[in-house]
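Chain letters run A, B, ... following the sequence lines, proteins first and then strands; every chain starts at 1.
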Number of protein chains: 2
Amino acid sequence: MEREMTQTTARRIAKDCLAVRVRLLNRVVTGVYDDVLRPLGIKVSQLNVLVVVANYDSPTPTKIGKVLHMEKSTLSRNVDRMVARGWLRIATGKDVRTHRVTITPKGRALLEKSLPLWQQAQEESEALLGERVTRAVCQAADRIWADGKS
Amino acid sequence: MEREMTQTTARRIAKDCLAVRVRLLNRVVTGVYDDVLRPLGIKVSQLNVLVVVANYDSPTPTKIGKVLHMEKSTLSRNVDRMVARGWLRIATGKDVRTHRVTITPKGRALLEKSLPLWQQAQEESEALLGERVTRAVCQAADRIWADGKS
DNA sequence: CTCACTATGTTGTATATACAACCTTGTGCC
DNA sequence: GGCACAAGGTTGTATATACAACATAGTGAG
């Protein structure tokens with residue numbers, strides 16, 4: 001395998017790869033929110049779960065996973081941690097298989113306390129990405145969410 | 001803590017949050033590449049490291065971390081795994097602290113084999129995001145990379 | 001030259017993530 | 001009713017990620 005060929009291939013991928021770029025943005029933006037939220041002991045990943053639970057009426061883990069495009073096993077353990085912290089509660093309905101996830105008063109309080117810090121991180125991120133990119137990212141996510149519903 | 005307040009806060013965050021959207025895109029796009037690359041036993045996260053190593057001349061882990069905006073500890077362990085698979089090699093220079101990371105022949109071969117699959121995932125992702133978003137994501141990443149150099 | 005500081009990496013710990021295999025429970029077909 | 005199949009969750013395993021604490025080795029000021 002010759003060096004020039006490797007160089008060419010590597011440059012080809014580096015020049016255009018969407019994955020490396022989306023993953024980079026993810027790390028940078030997640031870092032902005034996590035830094036700001038740190039005093040509250042919550043990370044943006046968990047805040048997002050809290051928001052989904054508050055927005056849907058006691059959704060099942062599967063439902064949350066569908067909204068966030070996360071594996072059920074990932075959700076399972078993320079929810080576990082949040083239950084352990086007292087932010088969420090699990091209730092079992094008639095169908096013993098399906099669990100309903102509910103936000104606790106402690107979870108509500110945390111959500112309220114998060115709002116101003118979230119706002120700060122939001123502004124910082126928008127400034128970092130610029131208005132055009134911010135709009136594009138929202139558009140892309142909305143498209144994915146719309147696809148899921150059809 | 002009242003229900004209405006929680007609802008309002010949750011909707012406020014859900015409506016605009018950049019973090020949840022960037023993280024969503026990251027999961028979806030990473031999934032597209034990982035699915036396509038699976039037959040080769042490499043994930044796009046490691047392919048990206050391989051590309052950086054091939055593009056810079058035997059960079060240090062710190063250098064790779066700076067390019068990808070990754071913690072040095074993250075890089076340390078990612079590189080370990082790739083060394084264990086025989087795709088990378090570590091050499092120590094005069095400064096015993098600094099390690100130089102080199103791609104092995106096996107790593108080169110893997111990179112070449114990855115190219116057509118990467119191309120396929122790239123096209124699939126571009127179609128998924130649309131041209132406008134694709135351009136915006138590249139613009140945002142390029143801005144971050146430019147900032148790092150100044 | 002020495003000491004404080006910085007740069008580079010590694011390790012301990014915790015979270016986030018996904019895939020595969022599994023268990024349990026509804027459901028629908030016959 | 002009984003059985004095959006689908007749906008919902010959990011667990012085992014592995015990777016990816018970050019922060020904090022540490023170890024070690026250059027570097028520069030005096």
Participant: Working note: A/Gln122 + A/Glu126, criterion side-chain hydrogen bond (donor to acceptor under 3.5 Å, both in side chains); need CA distance, chi angles, decisive distance, verdict.
Facilitator: CA-CA 6 Å; A/Gln122 177 75 9; A/Glu126 284 177 4; 2.9 Å; yes

Participant: Among residues 19-26 of chain B, which residues get a heavy atom nearer than 4.0 Å to DNA chain C?
Facilitator: B/Arg23

Participant: Confirm from the modelled atom types if A/Arg97 and C/dT25 form a donor-acceptor pair under 3.5 Å, side chain to base only.
Facilitator: yes

Participant: Taking for each residue the nucleotide of DNA chain D with the nearest heavy atom, is it A/Asp95 or B/Thr74 whose nucleotide lies nearer the 5' end?
Facilitator: A/Asp95

Participant: At under 4.0 Å between heavy atoms, what does B/Ser73 touch on the DNA or RNA strands: base, sugar-phosphate, or nothing?
Facilitator: base

Participant: For the pair A/Thr6 (side chain) and B/Arg108 (backbone), establish whether a donor and an acceptor sit closer than 3.5 Å, ignoring hydrogens and angles.
Facilitator: no

Participant: Name the residue closer to the 5' end of DNA chain C, choosing between A/Lys43 and B/Asp34 according to the nucleotide with the nearest heavy atom.
Facilitator: A/Lys43

Participant: Flag the pair A/Asp35 and A/Arg38 as a salt bridge only when some basic side-chain nitrogen lies within less than 4.0 angstrom of an acidic carboxylate oxygen.
Facilitator: yes

Participant: Within the side chain of A/Arg89, is there an N or O that forms a donor-acceptor pair under 3.5 Å with the backbone of A/Thr104?
Facilitator: no

Participant: How long is the line joining NZ of B/Lys72 and P of C/dT6, in whole Å?
Facilitator: 13 Å

Participant: Going 5' to 3' on DNA chain D, which nucleotide is the first and which the last to come under 4.0 Å of a heavy atom in chain A?
Facilitator: D/dA6 to D/dC19

Participant: With sugar-phosphate meaning primed atoms plus P, OP1 and OP2, does A/Arg38 contact a base, only sugar-phosphate, or nothing at under 4.0 Å between heavy atoms?
Facilitator: sugar-phosphate

Participant: Under the criterion side chain to side chain contact (heavy atoms under 4.5 Å, CB included), which of A/Thr30, A/Leu68, A/Leu25 is the partner of B/Arg23?
Facilitator: A/Thr30

Participant: Once rounded to the nearest 0.5 Å, what's the spacing between atom CD1 of B/Ile42 and atom CZ of B/Arg85?
Facilitator: 8.5 Å

Participant: Can you tell me how far P of C/dT8 sits from CD1 of B/Ile90, to the nearest Å?
Facilitator: 15 Å

Participant: For A/Arg81, which contact category applies under a 4.0 Å heavy-atom criterion: base, sugar-phosphate, or nothing?
Facilitator: base

Participant: Between B/Arg77 and B/Arg85, just flag the one whose closest nucleotide in DNA chain D comes earlier from the 5' side.
Facilitator: B/Arg85

Participant: Within the structure shown, what part of the strands sits under 4.0 Å from A/Thr60 by heavy-atom distance: base, sugar-phosphate, or nothing?
Facilitator: sugar-phosphate

Participant: Using a 4.0 Å heavy-atom cut-off across all strands, classify B/Thr98 as base, sugar-phosphate, or nothing.
Facilitator: sugar-phosphate

Participant: Answer yes or no: is there a donor N or O on one side and an acceptor on the other, between the side chain of B/Ser76 and the main chain of B/Lys72, under 3.5 Å?
Facilitator: no

Participant: Taking A/Asn48 for its side chain and A/Val44 for its backbone only, find out whether a donor-acceptor pair lies under 3.5 Å.
Facilitator: yes

Participant: Quick check: does any side chain N or O of B/Asn55 sit under 3.5 Å from a backbone N or O of A/Ala10, one acting as donor and the other as acceptor?
Facilitator: yes

